[in-house]
Amino acid sequence: MEVIIQPSDESAAALVARIVAHDLRANPHLVLGLATGKTMERVYRQLVHFHKEQGLDFSLCRTFNLDEYVGLFPSDPHSYRHYMDQQLFRQVNIEPRNTHLPNGLATDLDDECRRYEALIQRFGGVDLQLLGIGRAGHIGFNEPLSALRSRTRVKALTPTTIRQNAPLFGGEERVPRRAITMGVGTIIEARRCVLLATGETKAEVVAQAVEGPITSMVTASALQLHPRCTVVVDEEAATRLKENDYYRWIFENEPEWEEYR
Ligand code: F6R
């Protein structure tokens, strides 16, 4: 795992967008794993900018989102399909049929989960997976005690997650109680993972995920098992990390990061 500390939430998101742009230019057929949430909005804004100003081409790329709420129509402004359409898909030249999210309205949800896993496999697996981290330490909706080898399935949301997402729904009682999410095992099979966390509310959970023990209580800690995972944080989210000097040295000196400095 590598940790990159950036001065601000804006520059942290810009760095993640540059990693996506770099990998997409290198491989126009990139299979891109996507996350939703507040943190990712800045990344998508930057990618839209790259598309409009620099011609970043999404026409051959295929996307798989981590998760979707159970019971929301795609047109529902709270659905992740709606979020992705607004934040990215409708603003770049991606083919709608190349964008995939789990169907939270499927009559047989278990079957839908199996279908989603099979589809990811059919397209050769995820090349680059973007991730946020919840205050409960989740990636996707892999709430505490999610098996570290779990696959795409239906998960009940924890009270912490419901509280975190309540402002977007206008109250806790309106937040769906369940979601379909890629499993931890599904996520860490991606060839590369990039997790973005910003703001002081994420500082404690970032430290647990990065420098704490691997535990299903903080499912993001499973990323420590991943051979190619980059965690990008701003100064606020980095405040509880112990090895900050080392992380800064890596970014300033390692050739891999030269083009990003
Ligand atoms: C959403 C997702 C979640 C979020 C996480 C952080 O698709 O997978 O794990 O990334 O809850 O959300 P924000 O950025 O809103 O704090």
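Keep in mind it's a predicted model, so treat the numbers as computed, not measured.
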- Under 3.5 Å donor-acceptor, Asn93 side chain and Phe58 backbone: yes
- Could you walk me through whether Glu143 and Thr219 pass side-chain hydrogen bond (donor to acceptor under 3.5 Å, both in side chains), step by step? CA-CA 7 Å; Glu143 303 290 42; Thr219 55; over 6 Å; no
- Would you say the side chain of Asn98 lies within less than 4.5 Å of the side chain of Thr63, judging by non-hydrogen atoms? no
- In terms of side-chain geometry, is the basic nitrogen of Asp85 or Arg81 positioned less than 4.0 Å from the acidic oxygen of its partner? yes
- pair Val231-Met1: side-chain heavy atoms closer than 4.5 Å: yes
- Task: State whether a side-chain donor-acceptor pair under 3.5 Å links Tyr69 with Asn165.
- Result: yes
- Item | Atom of Thr186, atom of Arg151 and distance for their closest heavy-atom approach | OG1-CA, 3.3 Å
- Message: Are there over 12 heavy-atom neighbours, none belonging to Glu258, within less than 6.0 Å of that residue's CD?
- Response: no
- Item | Residues Glu10 and Arg42 bridged, charged N to O under 4.0 Å | yes
- Sub-3.5 Å donor-acceptor pair from the side chain of Thr152 to the main-chain atoms of Cys113, do we have one? no
- Salt bridge flag under 4.0 Å for residues Arg248 and Glu2: no
- Message: Can you confirm whether more than 12 heavy atoms, excluding those of Arg149, are under 6.0 Å from its CZ atom?
- Response: no
- Task: Show your working on side chain to side chain contact (heavy atoms under 4.5 Å, CB included) between Val205 and Arg135 and close with a plain yes or no.
- Result: CA-CA 6 Å; Val205 82; Arg135 281 179 222 161; 5.8 Å; no
- Note on the structure: When rounded to the nearest 0.5 Å, the distance separating CD of Glu68 from CG of Leu105 is 8.0 Å
- Task: Check whether any side-chain N or O of Arg90 sits under 3.5 Å from a backbone N or O of Leu88 as a donor-acceptor pair, and report yes or no.
- Result: no
- Query: Is the shortest heavy-atom distance from the side chain of Glu235 to the side chain of Ile5 under 4.5 Å?
  - Reply: yes
- Residue Arg122 excluded, over 12 heavy atoms near CZ under 6.0 Å: no
- Specify the closest pair of heavy atoms between Lys155 and Ser146, including all atoms of both residues, with the distance to one decimal. CE-OG, 3.3 Å
- Expected output: side-chain Thr198 to main-chain Asp234 donor-acceptor under 3.5 Å: no
- Geometric cation-pi criterion, Arg62 with Phe123: 6.0 Å, 45°: yes
- Between Glu95 and Ser59, a side-chain donor and acceptor under 3.5 Å: no
- Does Lys38 pair with Glu41 as a salt bridge, N-O distance under 4.0 Å? yes
- Hey, what's the ring geometry for Phe251 with Trp257, parallel, tilted or perpendicular (30° and 60° as the breaks)? tilted
- Among the clusters formed by ILVMFWY side chains lying less than 4.5 Å apart, do Leu196 and Val48 turn up in the same one? yes
- So do the side chains of His29 and Cys61 get within less than 4.5 Å of each other, counting heavy atoms only? no
- Message: Test salt bridge (Lys or Arg N to Asp or Glu O under 4.0 Å) on Arg114 and Glu117; report intermediate values, then the result.
- Response: CA-CA 5 Å; Arg114 283 190 292 273; Glu117 282 276 335; over 6 Å; no
- Query: Are side-chain heavy atoms of Leu131 and Val194 found at a separation under 4.5 Å?
  - Reply: no
- Would you say the side-chain atoms of Glu211 pair up with the backbone N or O of Lys242, donor to acceptor, closer than 3.5 Å? yes
- List the atom of His138, the atom of Asn142, and the distance in Å for their closest heavy-atom pair. CB-O, 3.1 Å
- Message: With heavy-atom distances below 4.5 Å as the criterion, would you say the side chains of Phe89 and Leu34 are in contact?
- Response: yes
- Is Leu157 reachable from Leu72 through a run of I, L, V, M, F, W or Y residues, each pair having side-chain heavy atoms under 4.5 Å apart? yes
- Message: Donor-acceptor check, side chain of Lys202 to backbone of Ile133, threshold 3.5 angstrom: yes or no?
- Response: yes
- Item | Residue pair Asp127 / Arg192, side-chain heavy-atom distance below 4.5 Å | no
- Are Met84 and Phe169 co-members of a hydrophobic cluster defined by side-chain heavy atoms under 4.5 Å apart? yes
- Item | Student check: side-chain heavy atoms of Thr158 and Pro144 closer than 4.5 Å | yes
- Query: How close do Pro102 and Ile180 get, heavy atom to heavy atom, and via which atoms?
  - Reply: CB-CG2, 3.5 Å
- Do Leu30 and Leu56 share a hydrophobic cluster, counting only Ile, Leu, Val, Met, Phe, Trp and Tyr and linking them when any side-chain heavy atoms are less than 4.5 Å apart? yes
- For Ala209, does its backbone N or O pair with a side-chain atom of Ser221 as donor and acceptor, under 3.5 Å? no
- Message: Whether the side chain of His226 engages the backbone of Ala190 through a donor-acceptor N/O pair (distance < 3.5 Å, no angle test) should be reported.
- Response: yes
- Task: Taking all non-hydrogen atoms of both residues into account, name the closest pair between Ala197 and Val206 and its distance.
- Result: CB-CG2, 3.5 Å
- Considering all heavy atoms, the nearest Ala203-Thr239 contact: CB-OG1, 3.4 Å
- So, are Glu204 and Arg240 salt-bridged, with charged N and O less than 4.0 Å apart? yes
- Query: Are there more than 12 heavy atoms of other residues, nucleotides or ligands under 6.0 Å from atom CD of Glu254?
  - Reply: yes
- Check whether any side-chain N or O of Ser150 sits under 3.5 Å from a backbone N or O of Gly183 as a donor-acceptor pair, and report yes or no. no
- How long is the gap from CZ on Arg228 to CG on Leu128, to the nearest 0.5 Å? 8.5 Å
- Joint hydrophobic cluster, Val70 plus Phe141, side-chain heavy atoms closer than 4.5 Å: no
- Test item: Asp23 side-chain N/O and Val20 main-chain N/O as donor-acceptor pair under 3.5 Å: no
- Task: Apply the test side chain to side chain contact (heavy atoms under 4.5 Å, CB included) to residues Val3 and Val233: give CA-CA distance (whole Å), side-chain angles for both, the deciding distance (0.1 Å), then the verdict.
- Result: CA-CA 7 Å; Val3 180; Val233 290; 4.2 Å; yes
